Amino acid sequence: TPPSAARPTAVTSTSSITSIISTVERLRGTFDRGVTKPTAWRIRQLKALRALLIDNTSDIEQALLTDLKKNPAEAQLTEIGFVIAEIDHTLKHLRQWLRPKRVSTPLLIAPSSAHVVKEPLGVVLVIAPWNYPVQLLLVPIIGALAAGNAVAAKPSELAPATSAVFARLFARYFDSNAVALIEGGVDETTQLLAERFDHIFYTGNGRVGRIVMQAAVANLTPVTLELGGKSPVYVDDTVDLRVVAHRIAWGKFMNAGQTCVAPDYLLTTPAIAAKLGALLVDTIAEFYGSDPVSSDSYGRIVNDRQFERLVGLLEGETVVTGGDSDARTRYIAPTVLSGVSRDAPIMSEEIFGPILPIVTVDSLSDAIDFINAGDKPLALYVFSESKTTRRRFTTQTSSGALAFGVPAAHLLVQSLPFGGVGQSGMGSYHGERSLAVFSHEKAVLSKILKPDTFNLVYPPFTQKKDAF
Ligand code: NAD
């Protein structure tokens, strides 16, 4: 199914503004009444979300085909099944995660006991992007509900079919007084951001990330910003390049390159660049056939603006494979570029599409210096069997994640924090960490009144007390 050409643009009417205000008020009222606090309620909502996904798998898959021509098998791995795995992990551990954690107390206040108790924040806002419109909308919501919050969720208007499916299903499955989905674009998001929330969880680009953070200032609302950037790949000569080509092509061309943790560009020596370039050509043919335009496993660019931006980035570059495109269906072939200059336009912004530039370096130090000269990446991928090389990347670079031997798969490890650093974002989530994002860790101290062992600290401060 080719993605639909026409994209509806959201129009904000006075009535939608009024309804946003009243929706947030309704959520606030629900939270204030304590509805969302019982663990049993939280578990019910998580199970309802699970049922939503299972009962409506084919509608969701169809929406992803319409929005991004995302293959259903890929949708299972990276969207629907991914979210179900996160729900199951959360359901399995939630009661244990919520248990107050006892901590030791100093002698000065003995006898006493101290605990860290997680409490929900209140009403939280989740703003999601279009590229993984299921996962990036729902995984934050899992954390927000597990922590006992009411949730306002804003899917991306740029994945309209997926947005519409959830708009229809949320009210049917969730407690609609506690979980609201607000469809819309910039106007609706702007209106939402004018409301007071207790946490804002935003996934998308850094420009809007700044708008979100600015809006949060007014109410001192904490934010999590899951942003993007250029995620480099470094390859040396200690590894099996055929496997490396498979791993890189998988991570890069999945979702037609529109993945925040996709390998953005490749750094390697000229000798490896030539070999790896040839192996990538073979791998792409193996994955998507000799004519990827007719492959069911290959996606499309989300809209005309992104399509034109990506085609523009190809200008003047040397194509190893791919490079062709079709504006009508927003197809861009899986493309590898060689001999790309470090100051080429394609190296100055996150690519976010199926184009892989190969940039050559003289040495490991050259690669590390180049990476460190740019913004801190969301992810950094290293293919090397050398312990020294691995150690140098671990200690001499900074990135949201560092993965050896495989791109993007760190997201599948629920116990690893997922998030950026510096320009690639702030805060992290997944698994227990999602619960922490949407909870306040309350310090609870308890000390008995009798006998009053605390009298040693009361004034007046005699010499004896000073000594204590
Ligand atoms: P997008 O255009 O869908 O925007 C994301 C959200 O911001 C949408 O809900 C949209 O309505 C809202 N928005 C857009 N303009 C706004 C404005 N002016 N004011 C208020 N809200 C506004 O998605 P995108 O930003 O194009 O997503 C792609 C980017 O997101 C890439 O940079 C990618 O790397 C990053 N990303 C990061 C992660 C992550 O987990 N770290 C995941 C996916 C994507």
Side-chain angles (χ1 to χ4, degrees), residues 7-10 12 20 67-68 78-79 82 86 125-140 143 152-160 162-163 166-167 181-195 197 200-216 223-231 251-252 254-264 301-307 309-310 349-353 375-379 399-401 408 410-411 416-430 433-434 437:
R7 301 278 152 178
T9 43
T12 313
I20 284 173
D67 286 332
L68 293 151
T78 63
E79 301 256 40
F82 188 101
E86 182 79 11
L125 173 63
V126 172
I127 305 175
W130 50 266
N131 62 331
Y132 287 83
V134 178
Q135 181 200 144
L136 298 173
L137 177 73
L138 299 181
V139 173
K154 219 295 289 169
S156 176
E157 72 281 17
L158 302 179
T162 313
S163 176
F166 288 122
L181 184 139
I182 296 103
E183 282 199 278
V186 175
D187 289 348
E188 285 77 5
T189 317
T190 307
Q191 190 58 41
L192 272 166
L193 288 171
E195 297 300 304
F197 290 97
I200 303 175
F201 190 105
Y202 169 80
T203 305
N205 68 73
R207 184 184 63 77
V208 178
R210 285 170 173 79
I211 295 173
V212 169
M213 199 163 171
Q214 199 87 55
V223 293
T224 301
L225 301 179
E226 297 286 340
L227 310 177
K230 292 181 90 63
S231 296
K252 179 73 187 188
M254 173 199 308
N255 204 28
Q258 303 164 110
T259 302
C260 56
V261 291
D264 187 273
I301 306 306
V302 69
N303 59 26
D304 294 342
R305 197 171 64 82
Q306 292 291 337
F307 175 85
R309 181 183 64 80
L310 288 163
E349 60 182 83
E350 179 182 9
I351 299 169
F352 220 57
D375 290 337
K376 292 182 179 179
L378 183 59
S399 52
H410 55 288
L411 267 83
L416 279 176
F418 175 58
V421 56
Q423 301 296 303
S424 56
M426 61 180 71
S428 62
Y429 71 127
H430 283 186
R433 214 166 288 263
S434 293
V437 167

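When a ligand or atom number is given, it counts from 1 through the structure's own listing order. All values reported here derive from a predicted model rather than from experimental measurement.
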Using a 4.0 Å cut-off to any heavy atom of [X], which atoms of ligand 1 qualify?
X	answer
Leu158	2 (O)
Thr203	5 (C), 37 (C), 38 (C), 39 (C), 40 (O), 42 (C), 43 (C)
Asn131	43 (C), 44 (C)
Leu136	42 (C), 43 (C)
Ile211	18 (N)
Leu378	41 (N)
Glu226	37 (C), 38 (C), 39 (C), 40 (O), 41 (N)

Starting from [atom], what is the nearest protein heavy atom, named by residue and atom, and what distance separates them?
atom	answer
atom 15 (N) of ligand 1	Val208 CG2, 3.4 Å
atom 7 (O) of ligand 1	Tyr202 CE1, 3.4 Å
atom 17 (C) of ligand 1	Val186 CG1, 3.7 Å
atom 25 (O) of ligand 1	Asn205 ND2, 2.6 Å
atom 21 (N) of ligand 1	Thr189 CG2, 3.1 Å
atom 40 (O) of ligand 1	Phe418 CE2, 3.2 Å
atom 39 (C) of ligand 1	Cys260 SG, 3.4 Å
atom 35 (C) of ligand 1	Gly204 O, 3.3 Å

If we set the cut-off at 4.0 Å for heavy atoms, which region of [X] has an atom near ligand 1: side chain, backbone, both, or neither?
X	answer
Val261	neither
Glu350	side chain
Thr259	neither

Checklist entry - Does ligand 1 have an atom that lies less than 4.0 angstrom from a heavy atom of Tyr132? => result no
Checklist entry - Can a non-hydrogen atom of Gly420 be found less than 4.0 Å from any atom of ligand 1? => result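 Distance cut 4.0 Å: Gly420 fails for ligand 1.
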Does any N or O atom in [X] lie less than 3.5 angstrom from one in ligand 1, N or O only?
X	answer
Trp130	yes
Ala128	yes
Leu227	yes
Glu157	yes
Tyr429	no
Arg207	no
Ser424	no

Item to check | Close side-chain approach of Phe166 to Leu138, heavy-atom, < 4.5 Å | outcome: yes
Checklist entry - Yes or no on side-chain contact (heavy atoms from CB on, under 4.5 Å) for Trp130 and Asp67, after CA distance, side-chain angles and deciding distance? => result CA-CA 9 Å; Trp130 50 266; Asp67 286 332; over 6 Å; no
Checklist entry - Are Phe201 and Tyr429 close enough that their ring centers fall under 6.0 Å? => result yes
Checklist entry - Only one of Leu193, Thr189, Leu125 clears side-chain contact (heavy atoms from CB on, under 4.5 Å) with Val212; which? => result Leu193
Checklist entry - What's the verdict on side-chain contact (heavy atoms from CB on, under 4.5 Å) for Asp264 and Glu350, showing C-alpha distance, side-chain angles and the deciding distance? => result CA-CA 7 Å; Asp264 187 273; Glu350 179 182 9; 4.1 Å; yes
Checklist entry - Closest heavy-atom contact between Asn131 and Cys260? => result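 Closest approach of Asn131 to Cys260: ND2-N, 3.7 Å.
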Checklist entry - To the nearest 0.5 Å, what is the distance between CZ (Arg305) and CG (Leu158)? => result 7.5 Å
Checklist entry - His410 vs Phe418 aromatic rings, parallel, tilted or perpendicular, using cut-offs 30° and 60°? => result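 Tilted: the ring planes of His410 and Phe418 meet at 30° to 60°.
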